[in-house]
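The sequence lines fix the lettering, A, B, ..., with proteins before strands; numbering per chain opens at 1.
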Amino acid sequence: MSINLCHKVIINEVALYSIRMRLFILSMLAVLLFSLAMGGSSAGVAWVSGRRQIVDQLNSVTTLKEAEINAWLESLQTDIRVELYRDRAEERMLTLLQLETESSEFKNAYMEQHIRFENTILLRPVFEELFLMNRRGQIVIASPSEIEGEYRRSQTYFKAGLIQAGVHLQMFSLSGVSADWNTVVVVHPVQDEQGQVLGVLAGRASLDTLNQIMRERTGLGETGETYLVSSNNILLTDVRDAAYKTGQFFINTEGVNLAVAQHTSDYGWYVNYQDVPVVGVYRWLPRLQVVLLAEQHQDEAFRPIYVTIFINLIFMMVAILGVGILSMSVSRSIVVPIVKLAETAAQIASGDLSQVASVQREDEIGKLAKTFNHMTARLREMLEDEAQRAAALEQEIMERKQIEAALRESEDRYRHVSELTSDFTASVRVDEQGEWTAEWMTVAVTVITGYSFVELQTKGGLESIVHPDDRALVTRNMQAVLRGEAYVSEYRILTKSGETRWLRDYGYPEWDDMLDRVVHLYRAVQDITDRKQAEEGQHQLLQQVQAQARRMQQIIDTVPEGVILLDVERQVRQANPLGRQDLSMLAAVEEGEVLLKLGERPLDEFLTSPPKGLWHELPWEENVYQVLARSIETSATPAGWVLVIRDITQQREFEEHIQQQERLAAVGQLAAGIAHDFNNIMATVILYAQMIERSSTLSARDQRRITAIHQQAQHAAHLIQQILDFGRRAVLEMRELDLFALIKEHIDLLKRTIPENIQVDWTYDPGAYIIRGDPTRIRQMLMNLALNARDAMPKGGQLHIRLERQAFSSVHSVPVPDMEPGLWIKITVSDTGTGIPPDVLPRIFQPFFTTKEPGKGTGLGLAQAHGIVGVHGGYIDVETELGRGTTFVVYLPARVKTSAAAVSLSAEGHDLFTGKGETILLVEDSADTRQALVESLRLLGYRVLTAENGAQALAVLQQEAASIALVLSDVVMPEMGGVALFHNMRDRGYNMPVVLITGHPLDTKVKNLKGLAGWITKPPRLEILGETLANALEFN
Amino acid sequence: MMKKLMLLLLLCSLGICFPACASSTRVLPTSVALEKTLVPLDPDNEADAMPYAQVEETFGPLSTTEASYKIGVVLKFFGNQYWQLLANGVQDKASQLEVNIDVRAAATETDPEGQRQIMEDMLGQDYDAFIISPQTDDNLVEVVREAQQAGLIVLVVNEIVLDARHWVGPNQYEIGVAAANYFHSHLSEQVNVAVIEGLPGAYAARQRTLGFREALVSSSVQVVASEPGNWDSHQALEQAADVLDMHPDIRGFYCNNDVMAMGVIEAVNAVDKLDQIMIIGTDGIEPAYDAIRAGELTATIDSFPFITGQIALEITVRLLEGQAMPRVVYSPQALITAENVDQPLP
């Protein structure tokens, strides 16, 4: 043994310090040094030239982009030159720059040039705006024309444009509301014949083209990009990451900062705007004063260099491997024979004497092998004798083993038979004390229980693994056995693996008459687990079906409509709760009874399709029902019917309510539509009535009658006004209005008019209460709220009005949804009356809704107030408590202005303003209205000429211009309306004042008409007509 | 001399009573939960305030920091030169202190929702602090709260967010007072003037107008109109034209910013009254300086946006370094007229 160990140690040492290993290591070192030198130098070259190549590539992209930008800028300049010089445009522009805007040459030039501008933008959409500025930078003409009148004096492009043509980047905006400030503007001076610059023509080009040029990223890989940054560091064109928006991002990278600070172009390795290391080339574009950048992520840019170095490394590895293999094969031829001899010696030492060392050579190694072989031959002879004796002994042992095998085979056969059946049998010995001892069990017990017979014996027999729940049963079995009774029972056991199995156990006791007791028990046990599981599965299936049936019943029960199931005999088989309710209501029938009719109608009517629609309708008592029947068809004949019954009474009421609302809206629209004509009629009636009232020859009775006509006509006009207010179509005379003064005056009025048992008072916070509004409408709204309060307090009470200012800083704090934050004026009108019942509350602002007796109220008061508040941009809210009173809260937007013009309320009811015999040209198409106005004007002391429309009026003016002091004209007329007449008059040099009179809502066109002396609404009151005319004449 | 003394007394008394008035009438958004110790921000009336000139004296010079901070900056609108200059100031100080910055602004000056979106997007990234200037009092309230709850420092410039903890900017109220003083001392007895206001809801616009009006309460100079120009030159022009129409006797305009003053100049020129009507702007942008040199703009109250930007960044870094800064730091401001237009900083 110790000799063997020594051999092994020697062989290992030979392996570690072998000649082969030394040769191998030496040659590897040489190759490694060489490879490192080669690889290092080639990687260095790749690194330097690769970086140069990246910069060159970015540089060439930059040059290309710069050339494209310059070409685009050139084309812009060409375009603007063409715009200035083609089709005598320059001449027109000089006209626009030199002449008065009122002159016809100016107007003609404007019209024509405007069309030219529009065409250019349409045909060559390179420009978004084209405009001509005068020497002060004001835009004289532009397309789009919205910017006309604006000043661009402080923009660099304007200042530069006065000197020479050029292209400029707009660096800042003069508007806080426009996002389009970041644009390119191309300018060209406009000079007169003497070479003096009178203005600048400019075109604003969007940055889209630049964006397109920059977005073309061919040759820039996955991360490369080009973009422009203005000299104030603002991003001008899109970058890859859309989160960086143009005009909103301040770029602060080394590239941009260097280019902006030094106006230079160079390249560098720095972090970009996303903090990612990039290779960047930046170039200052002096013409636009912007920086052009081309950047690529260093990761991507350096990838080719890394790949080159990696390939070098691979080559190096392959070289090292090749040299290694070569050096190994050389050393092998020297070292292998020695190693083989050593291995043979080692094998012999471990006992294998048959080994012979091969002798292929005649050198020192060959001699050593021969000597070695001789020594082993001697050793082999000595050992052969010993071997023969051992063989005889072995023969004897063999025979004995054969006998044992035969015996084992017989046992196996018996075992295999019992293994083939899954059931097992067992025998138990029963002793005098009734204790059981298992004698044997067939092997199937192991298959079923997992325990071997021996294990079961140790545990205490089969009974020890019975499931705890079935122990009592087994105990009963054991007691039966002791009485000599056979048993059959099914119980569970727990197998060795913990699984539960079902067994069927047949027990047959053997009774010994001599001993008078049971001495043996023979058992046959079956595994019935599969059968038991099948039974269990069926049970679960049954439960699922039952659960599903219950769910279905729940669904039917919760359907919000009555569902009833009838069989062929019309007997009610089933109904949900609503169905049962419907049955008792409509037929007084319960489940199980036969249903013959619903309401008054036979059931069979409902079992067929209705004449129209899907549902039968069944009015019954105060309700309306819908019934739908569907037959249940399991075969060709119906097996029964499902009836669905629903109560649609409330839905009907709701539909009627909606229809009512729509009708009301239609009434409002219709009323507004006829208001103009109606007002014309009322104008005639009122004016005549007023004139007759003023006549001194009238008898007292006629005086009363004419007063009644006047009052009723005013009432009719008022009714129309209410409808217009509700429909928000009223003519408004908006102006700045001091609510404080208005309410103060209104309170005095209320104190005079409200019954004495109602106490009227008001409170207010100090401050200014200026709104923009129509005083007449606001008074009307206040009056309606006050009258509503009066009617709520038939037995007297308190009417309180409060005025205050409230500021809301955010949408969360406003009291009414949709209200804008800001400064609001709050008017509170509260009474101590009866309050509004909850069912009435939602409808109080509806028109024609009234709780008053017929004839006592029109139901328009609150609707009108609501409309008036709405048209003033305000909100109205109401709080009420039955028996305690009601509070209306009105919010109106406050005006901050505190100008002196803020509205002194003109006192009314003053004397008539009359004329001094001046001549007035009246233009009105309606003959009746015209006649009424003629007589009114005469009553006011004017001379009157008439015309039926604008065209006629111009003809009259041509004849009588010198004598006409004022023109009073309707606005809407068939041939030339009032506005057109006004313009025509001014064009022809008629400068007398013009007053317009209209029944239509005034649009801004009329309101903003510069130079209009005044306007009045139809039907005009005589005082207003007199005052307006007198003012217009005096002002002139 | 006596008149100036009276005015000074009046301003002092206003200064004392104003915080009390403001707290009783201000309507706070109900959703704003304020910290117990933190009163709603009102920089012009803040007790814990200090002019920038005293900062270095009190807290020592700020040496460059070891930590590499990243600061998000959300301004109003790059179209306005004021904010361009402020961004340049931030950048200048950032490169000096070797701090990373990321500066953004909304698409227009009246785009509060867009500005909120920008700030919300930036919240998800790894900024150590924010410098912001909200377009209105409300639009950044939620995001600022979110940032402050996450432990980030938020410094507000010029405008306000009620529960902001740090603020830098000029005293907006005093800007209005300065304009009022100029009118008071340069206009003769009993004249009318008008205000062209910025975007309603912006703190700066409100305070400048308030300062201007309150300073003139008992003066012979009367404010007869105050109209919103919404930071827009052309809207300002139209409002001014209306005012001139309604009050031909107007003798002065005060504009909440210079861009609007540019529009007012044109409105006044259109009625040929540039020699009769004084116009004062606010901000100190380049076109305003040009207009003062050209004799068209009487004055502007320059709040030195470049310097304000530098201060905002410096204070933010000081806060990041754990220095206990006052809640409000005032940046300098000065009235620029033809006399000092070429040497604005004293």
Side-chain angles (χ1 to χ4, degrees), chain A residues 136-138 146-147 149-156 159 170-182 230 232-235 243-252 254 257 271 273-275 736 805-813 820-823 895-902, chain B residues 25-31 70 73 75 77-81 84 87-88 91 94-95 100-111 114 118 121 137-138 141 197 199-201 223-228 230-235 237 243 246-247 259 262-263 265-266 269 285-287 290-291:
Chain A
R136 210 173 157 78
Q138 188 180 25
E146 286 83 53
I147 59 169
E150 290 184 12
Y151 283 84
R152 300 290 164 85
R153 197 153 62 95
S154 32
Q155 293 289 5
T156 322
K159 293 178 202 161
Q170 180 171 311
M171 301 289 284
F172 62 89
S173 167
L174 287 171
S175 162
V177 295
S178 165
D180 277 345
W181 60 277
N182 225 344
S230 72
N232 44 21
N233 292 60
I234 314 289
L235 178 64
Y244 295 87
K245 298 200 176 86
T246 59
Q248 298 187 43
F249 190 65
F250 186 93
I251 304 248
N252 178 38
E254 191 186 312
N257 291 346
V271 291
Y273 56 90
Q274 287 174 304
D275 283 346
E736 293 223 325
R805 284 150 59 102
Q806 285 200 342
F808 305 107
S809 65
S810 79
V811 288
H812 305 294
S813 56
E820 296 279 328
L823 186 61
R895 292 277 288 187
V896 190
K897 189 180 282 190
T898 55
S899 64
Chain B
T25 54
R26 168 165 289 139
V27 182
L28 285 176
T30 48
S31 59
K70 190 175 168 193
V73 185
L75 302 179
F77 174 47
F78 284 136
N80 188 332
Q81 274 191 330
Q84 292 180 7
N88 286 329
Q91 180 199 25
S95 64
N100 279 325
I101 52 164
D102 187 356
V103 191
R104 303 187 194 195
T108 71
E109 201 156 4
T110 50
D111 179 23
I118 289 170
D121 291 347
D137 291 1
D138 297 336
V141 167
E197 302 169 18
L199 186 70
V223 182
V224 291
S226 192
E227 298 292 336
N230 297 332
W231 306 131
D232 184 280
S233 178
H234 194 66
Q235 287 187 28
L237 187 160
V243 171
M246 202 175 288
H247 307 280
V259 166
M262 295 299 108
I265 288 175
E266 301 304 346
N269 182 58
I285 62 173
E286 207 177 292
D290 291 346

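- Atoms CG and CD, on A:Leu235 and A:Gln248 in that order, are 10.0 Å from each other to the nearest 0.5 Å.
- Partners of A:Tyr273 according to the ring-ring contact (aromatic ring centres under 6.0 Å, His included) rule, which considers only residues two or more places apart in sequence or in another chain, are A:Tyr227, A:Tyr244.
- A 4.5 Å side-chain heavy-atom check between A:Asn257 and A:Asn252 finds at least one atom pair inside the cut-off.
- Here B:Thr110 is the residue among B:Asn100, B:Val73, B:Ile101, B:Thr110 with the most heavy-atom pairs under 4.5 Å with chain A.
- Across B:Glu286, B:Gln81, B:Lys70, B:Gln91, the residue that shares the most heavy-atom pairs under 4.5 angstrom with chain A is B:Gln91.
- When B:Asp137, B:Leu199, B:Asn88, B:Asn269 are compared by the number of non-hydrogen pairs under 4.5 Å with chain A, B:Asn269 comes out ahead.
- For chain A, the nearby part of B:Ile118 is the side chain; its heavy atoms alone come within less than 4.5 Å.
- The most heavy-atom pairs under 4.5 Å with chain B, out of A:Ser154, A:Ser173, A:Gly149, come from A:Ser173.
- The aromatic rings of A:Phe250 and B:Phe78 sit tilted, their planes meeting at an angle between 30° and 60°.
- Your options are B:Gly263, B:Pro200, B:Ala105, and the one with the most heavy-atom pairs under 4.5 Å with chain A is B:Ala105.
- Heavy-atom distances place no part of A:Asn182 under 4.5 Å from chain B, backbone and side chain included.
- Considering A:Phe249, A:Trp181, A:Phe172 as possible partners of A:Ile234, the one that fulfils the side-chain contact (heavy atoms from CB on, under 4.5 Å) test is A:Trp181.
- The side chain to side chain donor-acceptor pair (under 3.5 Å) search around B:Asn230 returns B:Gln235, not counting sequence neighbours.
- Considering only heavy-atom pairs separated by less than 4.5 Å from chain A, the leading option among B:Ala106, B:Ser95, B:Ala94, B:Pro228 is B:Ala106.
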